[in-house]
Amino acid sequence: MRSFASDPIVAAFDRLARRQGDQPLVLSCSAAITVAEIDALARALARPLAGARLPAGAPVGLRGGNGAGFLAGLLACRRAGHPVALFDASVTERERRVTARHLGLAAILHAPTGGRVTTGFRLARLSGRGGTSARHAGTRAFLPAATAVIKLTSGSSGRPRGVACSAEALLADDEAIRAGMGIGEGDRLVAAVPFAHSYGLSSLVVPALTRGLPLLVPEAGVPLAPWLLAQRLGGTVLPTVPAFAAGLVALSEGPAWPATLRLLITAGAPLWPETAARLRRRYGRRAHVFYGASEVGGIAYDPSGEAGERGTVGAPLPGVRLRLEPTAGAGRGTGRLVVRSASVALSYLPEPDAALRDGRFVTSDLARRRGDEVELLGRLDALINVRGRKIDPREVERHIARLRPVRDVVVHAVTAPGGGEPRVRAVVACAAEALDGEAVRRWCRGRLGDHKVPREVLIVPALPLTARGKIDREAVTRLPSRRVDG
């Protein structure tokens, strides 16, 4: 395992601390924390990490919300030579325990969130609990030597899965994003997505630690806090999710566009064309679509802000090469998207997978090219089989999303009580009086094949979201039906 001295992210931060130590790096309405203060926090953590006597090079979990504590914890673990598995603050204790056991983590460092952080870190050693040590040895057998960060995701089985990333890949991703989006000196980043998520790591954490771009941390749990903070502290770039844009345009009188905000970025889910159009009509400004994955970081971006209304995710970022791999049942000009770039991760954990290796990532996304841009057509692992015919839920969602009262929609398969053929269900977020299930079905008839028209429609005021602001599709499938049959 390499020493921290060879980690280029740590080296870049050390240069930043020497040259711009008094520069504020994390700001909120109540505090401003400098580069030097974060550096001091990270160095103070060296003693408890050394005192825990963790195996050299063992992976360590880091749990925390957005704030200086998370940054200091990440630096401290890397300086101690530990790869860092990133946990969001909202992850439950049970989820942490299962993931730690499955990935063989030696400890979890709990970082405090927000405010002028000086205390509140807690290191929980895990070896010796429930066989973690034995699992630990097994996981480390597969852990690439260059691993700096382990992003957490889920495999098709739903079991915890890690994505081992090198610092070099994270820096390559940062460079591609910087070049593609034009983010640099003078920008102030609104930290509206979790640091622990791949999106937040690429768009917020790495540019802050390596290039000193200030992070504006909004108050948690306040829906418009990122927008209001951008107004108050001069935010210039706001990475967020489509649900935020949809909520913004759903307001009868939305707040004014922040005077300093030059770039609103959405990622993590589809930005429906109608939402993009409504945002433009209201503000005369556009949302810029960003597409990526934990396994590779950024893939495509829309610099013009027009792709959202076209239904694409923009063009490949600099240095990203895409190929469409022929796939059974895919139409002409479509295929499984395969990505090659310097930012591709090293491997899945705890076991490698041929889909991620040697600088190549084979996605589960079905796509086609539209000129220089990429259009996503759905996920191959989410197709619904009805009477032998394959239905892409994304196609049905796109059609329903064009209905003006619709704020968001998820289409999925349900099975009738007692079993039988799967049925297509649409869960539609809109005002209760704006639509009913039959109106949704009428809209779909004639626009979609009969087998694609939802047999069940559920109208809800809002779709459940994860802590990362993405639609919680698993929670959607558990919503009880009040169906309209056809």
Checklist line | Member of Arg262, Met181, His288 meeting the side-chain contact (heavy atoms from CB on, under 4.5 Å) criterion with Val237 | finding: Arg262
Item checked: Any His102 side-chain heavy atom under 4.5 Å of Pro350 side chain -> yes
Check: So, does Arg407 use its side chain to make a donor-acceptor pair with the main chain of Pro461 at under 3.5 Å?
Finding: yes
Item checked: Inter-residue atom distance Leu216.CG - Leu189.CG, 0.5 Å rounding -> 7.5 Å
Check: Under the criterion side-chain contact (heavy atoms from CB on, under 4.5 Å), which of Pro218, Cys29, Pro258 is the partner of Arg232?
Finding: Cys29
Note to self: Working to the nearest 0.5 angstrom, can you tell me the gap between Leu264 CG and Phe244 CZ?
What the structure shows: 7.5 Å
Check: Are the side chain of Thr99 and the backbone N or O of Glu95 linked by a donor-acceptor pair below 3.5 Å?
Finding: yes
Notebook entry, point to check: Where do Pro255 and Leu224 come nearest, in terms of heavy atoms and distance?
Noted result: CG-CD1, 4.1 Å
Check: Looking at CG of Leu109 and CZ of Phe87, how far apart are the two atoms once the value is rounded to the nearest 0.5 Å?
Finding: 11.5 Å
Margin query: With a 3.5 Å distance limit and no angle check, can you tell me whether Arg96 reaches the backbone of Val91 through a side-chain donor-acceptor pair?
Written below: yes
Item checked: Step-by-step side chain to side chain contact (heavy atoms under 4.5 Å, CB included) determination, Leu322 to Ile299 -> CA-CA 9 Å; Leu322 303 180; Ile299 298 172; 3.8 Å; yes
Notebook entry, point to check: Are the side chain of Asp173 and the backbone of Ser202 linked by a donor-acceptor contact shorter than 3.5 Å?
Noted result: no
Notebook entry, point to check: Are the side chain of Arg188 and the backbone N or O of Leu233 linked by a donor-acceptor pair below 3.5 Å?
Noted result: yes
Check: salt bridge (charged side-chain N to carboxylate O under 4.0 Å, His left out) between Glu395 and Arg447: does it pass, once the steps are laid out?
Finding: CA-CA 11 Å; Glu395 178 190 6; Arg447 293 176 172 85; over 6 Å; no
Check: Considering residues, nucleotides and ligands other than Gln23, do more than 12 of their heavy atoms fall under 6.0 Å from its CD?
Finding: yes
Margin query: So, taking the atom named OG in Ser341 and the one named CZ in Arg321, what distance separates them when rounded to the nearest 0.5 Å?
Written below: 8.5 Å
Notebook entry, point to check: Short question: side chain of His110, backbone of Arg63 - any donor-acceptor pair under 3.5 Å?
Noted result: no
Next item on the list: Determine, stepwise, if the pair Phe290 / Leu317 fulfils side chain to side chain contact (heavy atoms under 4.5 Å, CB included).
Entry: CA-CA 10 Å; Phe290 178 39; Leu317 284 167; 3.9 Å; yes
Next item on the list: Check the pair Thr312, Asp302 against side chain to side chain contact (heavy atoms under 4.5 Å, CB included), reporting the backbone distance first and the verdict last.
Entry: CA-CA 9 Å; Thr312 77; Asp302 163 37; over 6 Å; no
Note to self: Are Thr92 and Arg94 packed together at the side-chain level, in the sense that at least one heavy-atom pair is separated by less than 4.5 angstrom?
What the structure shows: yes
Note to self: Tell me which one of Val409, Asp408, Val427 satisfies side-chain contact (heavy atoms from CB on, under 4.5 Å) with Ile471.
What the structure shows: Asp408
Note to self: Quick one, Trp227 and Leu238 - any side-chain contact, counting heavy atoms below 4.5 Å?
What the structure shows: yes
Item checked: Within-4.5 Å side-chain heavy-atom neighbours: Glu325 and Val362 -> yes
Next item on the list: For the pair Arg161 and Asp353, find out whether any cationic side-chain nitrogen is under 4.0 Å from an anionic carboxylate oxygen.
Entry: yes
Notebook entry, point to check: Hey, are Arg441 and Glu438 close enough for a salt bridge, meaning a charged N less than 4.0 Å from a carboxylate O?
Noted result: yes
Notebook entry, point to check: So, for Val190 and Leu204, which heavy atoms are closest and what is the spacing to 0.1 Å?
Noted result: O-CD2, 3.9 Å
Notebook entry, point to check: Can you name the nearest heavy-atom pair linking Ala68 to Val26, along with the distance?
Noted result: N-CG1, 4.0 Å
Next item on the list: State which residues pass salt bridge (Lys or Arg N to Asp or Glu O under 4.0 Å) with Glu306; sequence neighbours excluded, sorted by chain then number.
Entry: Arg310
Next item on the list: Report the residue from Glu397, Glu474, Arg425 that forms a side-chain hydrogen bond (donor to acceptor under 3.5 Å, both in side chains) with His412.
Entry: Arg425
Margin query: I'd like to know if the side chain of Gln231 reaches the main chain of Ala256, judged simply by a donor and an acceptor atom lying under 3.5 Å from each other, with no hydrogens or angles considered.
Written below: yes
Next item on the list: Return the minimal non-hydrogen interatomic distance between Glu375 and Gly311, and the atom names on each side.
Entry: CG-O, 3.7 Å
Notebook entry, point to check: Is any side-chain heavy atom of Ile459 less than 4.5 Å from a side-chain heavy atom of Asp436?
Noted result: no
Notebook entry, point to check: Does a donor on one side chain and an acceptor on the other come within less than 3.5 Å for Ser198 and Lys151?
Noted result: yes
Next item on the list: Kindly give the heavy-atom pair with the smallest separation between Ala148 and Ala167, and that separation in Å.
Entry: CB-N, 3.6 Å
Check: Any sub-3.5 Å donor-acceptor pair from Arg282's side-chain atoms to Arg280's backbone N or O?
Finding: no
Next item on the list: Please test Leu376 against Arg394 for side chain to side chain contact (heavy atoms under 4.5 Å, CB included), starting from the C-alpha separation and ending with a verdict.
Entry: CA-CA 9 Å; Leu376 300 180; Arg394 178 83 180 273; 3.5 Å; yes
Notebook entry, point to check: With a 4.5 Å limit on heavy-atom distance, are the side chains of Leu261 and Thr236 in contact?
Noted result: no
Next item on the list: Find out whether Ile265 and Tyr199 are in side-chain contact, i.e. whether some heavy atom of one side chain is under 4.5 Å from a heavy atom of the other.
Entry: yes
Check: Would you call Arg455-Asp450 a salt bridge at under 4.0 Å N-O?
Finding: yes
Next item on the list: Can you measure from CG (Leu279) to CD (Glu309) and round to the nearest 0.5 angstrom?
Entry: 9.0 Å
Item checked: Side chain to side chain, Trp272 and Ile400, heavy atoms closer than 4.5 Å -> no
Check: Does Leu337 offer a backbone N or O that forms a donor-acceptor pair with the side chain of Thr363 under 3.5 Å?
Finding: yes
Note to self: For a quick test of reading the model, state the closest non-hydrogen atom pair linking Pro303 to Gly180 and the distance between them.
What the structure shows: CB-O, 4.4 Å
